[in-house]
There are 2 protein chains.
Amino acid sequence: MTDGFNATQPIYLQLLQKVIIQIVRGDLKTGEKLPSVRELGAQFKVNPNTVQRAYAELERLAVVETRRGLGTFVTEDKACLNQLREQLKHEKIDTFIQDMKEMGFNAVEIIAGLSEHLNDKSN
Amino acid sequence: MTDGFNATQPIYLQLLQKVIIQIVRGDLKTGEKLPSVRELGAQFKVNPNTVQRAYAELERLAVVETRRGLGTFVTEDKACLNQLREQLKHEKIDTFIQDMKEMGFNAVEIIAGLSEHLNDKSN
DNA sequence: AATGGTGTACTATTAATATAGTACACCAAA
DNA sequence: TTTGGTGTACTATATTAATAGTACACCATT
């Protein structure tokens, strides 16, 4: 709609993924405070309600904890975050392989094509 | 909604992808007739209008041709289909690598994790 | 005690998707 | 020529996402 969002998926889900990526990368560390719903809403030119919906979902996933009147914080549970990172990695790889095989590519083609792309880019 | 569809993306787009996969796999061959909008609608328990929207988009992509009163057919242009297959492969690989790196995984981790998953499954 | 920033809840409106239903144009085959 | 299957177009309705606006509860700081 406004900025860097895919029109075919709810914004709150894309917002949720952006935050999760930041956590998995380590850009948002354990216990660190997230931007307020109003602040993040302003940053992405999106309604605060939409941000809140993403935050609520993040809390449901136990990735963040909210303290009324204080803000929303990344969970202190490092094991949970490590598990999240591993889980996301496996899911991503799994769906990738599944999709590729569904399109008729075999393991050799996948590895070959992947090596090409990895060589093209910077590590 | 009904059967095997993701609720976070329009059905007509998911339908479009299903057809494209069938074409790329070779299950739907050059010049072959697609199911009618009514037939496919019944098969997926979806409104014919939704199917038609997917078919219209497929025609815009030049992968199918529609002949009024006859039906919708896979394009005769084999070069176009080969190009489509290659394009989809590269796009899929590219977004996969991009996503993985965005989450903080490097080339080594990607290859390693991928090899594990490929060994788990049947080739 | 007062203030300001925070999460949260609620109503109302708009836009897009999916659906239902109907109708028409086109073409091959009987 | 008629029939049946096809794509296509149109109206109308229900649902969901996003937005706008308002209000309240909570808590650290002053």
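Lettering follows sequence order; numbering is per chain, from 1. We use all heavy atoms of the structure for the numbers below, so side chains are in, but hydrogens, waters and symmetry mates are not.
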Please tabulate, one pair per line, all N/O donor-acceptor pairs under 3.5 Å involving side-chain atoms of residues 67-79 of chain B, not counting sequence neighbours.
| unit_1 | atom_1 | unit_2 | atom_2 | d |
| --- | --- | --- | --- | --- |
| Thr75(B) | OG1 | Asp77(B) | N | 3.2 |
| Asp77(B) | OD1 | Ala79(B) | N | 3.1 |
| Asp77(B) | OD1 | Cys80(B) | N | 3.2 |

Task: SB check Lys89(B) Glu86(B) (cutoff 4.0 Å) - done: yes

Pair Glu57(A) + Arg60(A), salt bridge at N-O below 4.0 Å
yes

Taking every heavy atom of His117(B) against every heavy atom of Ile97(A), the minimum-distance pair comes out as CB-CD1, 3.4 Å

Set out, line by line, the N/O atom pairs under 3.5 Å between protein and nucleotides 11-16 of chain C.
none

Taking side-chain hydrogen bond (donor to acceptor under 3.5 Å, both in side chains) as the definition, give me every residue that meets it alongside [X], ordered by chain and number, with sequence neighbours left out.
X        : value
Gln17(A) : none
Thr50(B) : none
Asp99(A) : Lys92(B)

Between [options], spot the one nearest the side chain of [X], thanks.
X        : options                 : value
Pro10(B) : dG7(C), dT8(D), dT17(C) : dT17(C)
Val37(A) : dG7(D), dT8(C), dT17(C) : dT8(C)
Asn47(B) : dT8(C), dT8(D), dT19(C) : dT19(C)

[X] [atom1] to [N] [atom2], straight-line distance once rounded to whole Å:
X        : N       : atom1 : atom2 : value
Leu34(B) : dT8(D)  : CG    : P     : 12 Å
Phe73(B) : dG7(D)  : CZ    : C1'   : 11 Å
Lys45(A) : dA20(D) : NZ    : P     : 13 Å
Gln52(A) : dG21(D) : CD    : C1'   : 15 Å

Of Arg38(A) and Arg67(A), the one whose closest nucleotide on DNA chain D sits nearer the 5' end is Arg38(A)

So OH of Tyr12(A) and CG of Asn47(A): to nearest 0.5 Å the spacing works out to 15.0 Å

Expected rows: protein N/O vs nucleotides 1-5 of chain D N/O, under 3.5 Å:
| unit_1 | atom_1 | unit_2 | atom_2 | d |
| --- | --- | --- | --- | --- |
| dG5(D) | N2 | Gly69(B) | O | 2.9 |

- Does a donor on one side chain sit under 3.5 Å from an acceptor on the other, for Glu91(A) and Gln87(A)? yes

